[in-house]
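Working notes for the structure below.
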Amino acid sequence: MGKPGGDPPFPYGSLGKHVGGRHYRRGVAKRNLLLTPVLEWYARCARELPWREPGATPWSILVSEIMLQQTPVVRVLPVWTEWMERWPTPAALAAEPPGEAVRHWGRLGYPRRALNLHACARAVTELHGGRVPADHATLLTLPGVGEYTAAAVASFAFGGRHAVLDTNVRRVLARAVRGEEYPPKATTAAERVLAESLLPGPEDAPVWAVAVMELGALVCTARAPRCADCPIRDRCAWRLAGKPPYEGPARRGQTYAGTDRQCRGRLLAVLREAHGPVPKAALDSVWDEPVQRERALDGLVADGLAEVLDDGTYRLPGGPPARPPGTG
DNA sequence: GAGCCGTGGAC
DNA sequence: TGTCCAAGGCT
C-alpha cells in the first residue's frame with residue numbers, strides 16, 4: 001500500500017524554494033515574460049500553508065482544494081487541521097458514515113462538499129487502491145472534483161503540467177494580459193487558450209500555477225489591488241492603461257437573508273450540533289415560514305445531507321459516529 | 001448557460 | 001446596512 005495517503009512523487013512543499021526555468025526559458029517557444037518575476041515574488045512572499053509543506057500528501061492536498069472552493073484560507077485552516085488529524089488517509093474517512101464528514105465540516109459552507117469528500121474517500125479506497133489518482137482525467141471522475149480541482153491536485157500533489165485556472169488566476173491574467181479589471185463571469189475558451197500559452201516547462205509548471213494564484217490572492221486582489229507591491233506592475237496591461245474600470249453587467253446580485261440557502265443552513269446546523277436524532281419540532285423552531293422550511297428540509301434529504309428515521313426524527317446521514325473498539 | 005448551493009469578513 | 005467576495009461544481 002505504501003505510505004498513508006500515497007507517495008507524492010512531487011513535493012508541493014518545495015514549490016517556494018526555487019526559482020526555476022533555467023532550461024526551458026532558453027527555448028524557442030514564446031517566452032512567458034511574467035514567469036521570472038512571479039516566481040521570484042512567490043519565493044519571497046508566499047504564505048506558509050500546511051498543505052504546501054513537504055509532509056503534505058495527495059489526500060491532504062485534495063481535502064484542502066475542496067475545502068478552499070469558494071471559501072477563504074483563514075476559515076479552512078482549522079477545519080483542515082482537524083480533518084487531517086482525524087482522517088489522515090482516505091481509508092480513515094471512508095470507514096465513517098457520511099454524516100460524520102458533514103458534522104466535522106462545521107460552518108465552512110456548501111456542506112455538500114463534505115459529502116463529496118466522503119464519496120471521494122470511498123472511491124479512492126474502493127476503486128483506486130487507497131491512493132488519490134495522479135491523472136487529471138481520473139481525478140475528474142471523483143465527486144466534487146471539476147476542471148480546476150483536478151488540475152490543482154494533479155499539479156500540486158503530483159507535479160503535473162496543467163493550466164490551473166481559478167478565480168485568482170483569471171483575474172491576474174485579465175488584468176496583466178487583457179488589460180481589463182475583471183475576467184468574464186464564466187470561464188471562456190479564450191481564457192483557457194491564454195493560460196495554456198503561458199504554461200512553462202514541466203519543471204516550472206506547478207510553481208507557476210501556485211505562484212499566480214498566490215499573486216491574485218495577496219496582491220492582485222478583487223477589490224483594492226496592491227499594485228505598488230506587484231512584481232509585474234511594469235508589464236500589467238490594465239495598470240499601464242490607467243486602470244480603466246470594469247465595463248459590463250453587474251457581476252453579482254444575490255441576497256441571502258430569507259433564501260432557501262439560509263433556511264437549509266439553519267436546519268443543517270441543528271442536525272450538526274445534535275448528538276443524536278432530533279425531533280422535527282427542533283427543526284421547526286429555527287425557521288418560521290412553513291412552506292419554505294419543508295421545501296428546504298426535503299431538499300436536504302434529497303441531497304443526502306439529512307435523513308428521516310422511522311419515528312419521524314431527523315439526523316445527519318448514516319448514523320452515529322463509528323467508535324473504534326475500546327474508546328466508547 | 002444560468003441558477004443554485006453556505007458562511008462570514010471587509011468596506 | 002447592504003454589497004461584494006472567497007483556490008468551484010453540478011444540473
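Below, chains carry the letters A, B, ... as their sequence lines are ordered, and counting in each starts from 1.
Nucleotide dC4(B) holds its C1' atom 14 Å from the CD atom of Q292(A), rounded to whole Å. As rounded to whole Å, 12 Å separates atom P of dC4(B) from atom NZ of K185(A). At whole-Å resolution of the value, CG in N168(A) and C1' in dC5(C) are 11 Å apart. Regarding Q262(A), its CD atom lies at a distance of 14 Å from the C1' atom of dC5(B), rounded to whole Å. Counting to the nearest Å, the C1' atom of dA6(C) and the CE atom of M213(A) are 12 Å from each other. Rounded to whole angstrom, the span from the CD atom of Q70(A) across to the P atom of dC10(C) amounts to 13 Å. One atom, CD of E147(A), and another, C1' of dG9(C), lie 12 Å apart when rounded to the nearest Å.
In this structure a side-chain-to-backbone donor-acceptor pair under 3.5 Å is present from W83(A) to H104(A).
In this model, a donor atom of one side chain and an acceptor atom of the other lie less than 3.5 Å apart for N168(A) and R171(A).
Distances from the side chain of D260(A) to the nucleotides dA7(C), dC5(B), dG6(B) place dC5(B) closest. For R113(A), counting side-chain heavy atoms from C-beta on, the closest listed nucleotide (dC5(C), dG8(C), dG6(B)) is dG6(B). Here dC5(B) is the nucleotide among dC5(B), dC5(C), dA6(C) with the atom lying nearest to any side-chain atom of R112(A). Comparing dG6(B), dC5(C), dG9(C) against the side chain of R261(A) picks out dG6(B) as the nearest. Here the nucleotide nearest the side chain of T167(A), chosen from dC5(B), dC5(C), dA7(C), is dA7(C). Of the candidate nucleotides dC5(C), dA7(C), dG6(B), dG6(B) has the atom nearest to the side chain of R264(A). The nucleotide whose nearest atom lies closest to any side-chain atom of R107(A) is, among dG8(C), dG8(B), dG6(B), dG8(B). Nearest to the side chain of T149(A), among dG9(C), dA6(C), dG6(B), sits dG9(C).
In this structure, R75(A) and A150(A) both approach DNA chain C, and ranking their closest nucleotides by distance from the 5' end singles out R75(A). Along DNA chain B, the nucleotide closest to R272(A) and the one closest to A186(A) are compared, and the more 5′ of them pairs with A186(A).
Inter-residue side-chain proximity for L108(A) and W80(A) is flagged as unmet; no heavy-atom pair is nearer than 4.5 Å. Residues Y314(A) and L309(A) form no side-chain contact, since every pair of their non-hydrogen atoms from C-beta on lies 4.5 Å or further apart. Using a 4.5 Å cut-off on side-chain heavy atoms (C-beta onward), L268(A) and L316(A) make contact.
Comparing the P positions of dT11(C) and dG6(B) gives a spacing of 14 Å, expressed to the nearest Å. Using atom P as the reference point in both dG3(B) and dA7(C), the two lie 23 Å apart (nearest Å).
Residue Y110(A) has no polar side-chain atom (N or O) positioned under 4.0 Å from OP1 or OP2 of dG9(C). OP1 and OP2 of dA7(C) both lie 4.0 Å or more from every side-chain N or O belonging to Q69(A).
For T71(A) and dG6(B), a side-chain-to-base donor-acceptor distance below 3.5 Å is present, hydrogens and geometry of angles not being considered.
Residue contacts for L49(A): at a heavy-atom cut-off of 4.0 Å it reaches a base atom on one of the strands shown.
Taking CD of E214(A) as the reference point, atom CZ of R47(A) lies at 4.0 Å (rounded to 0.5 Å).
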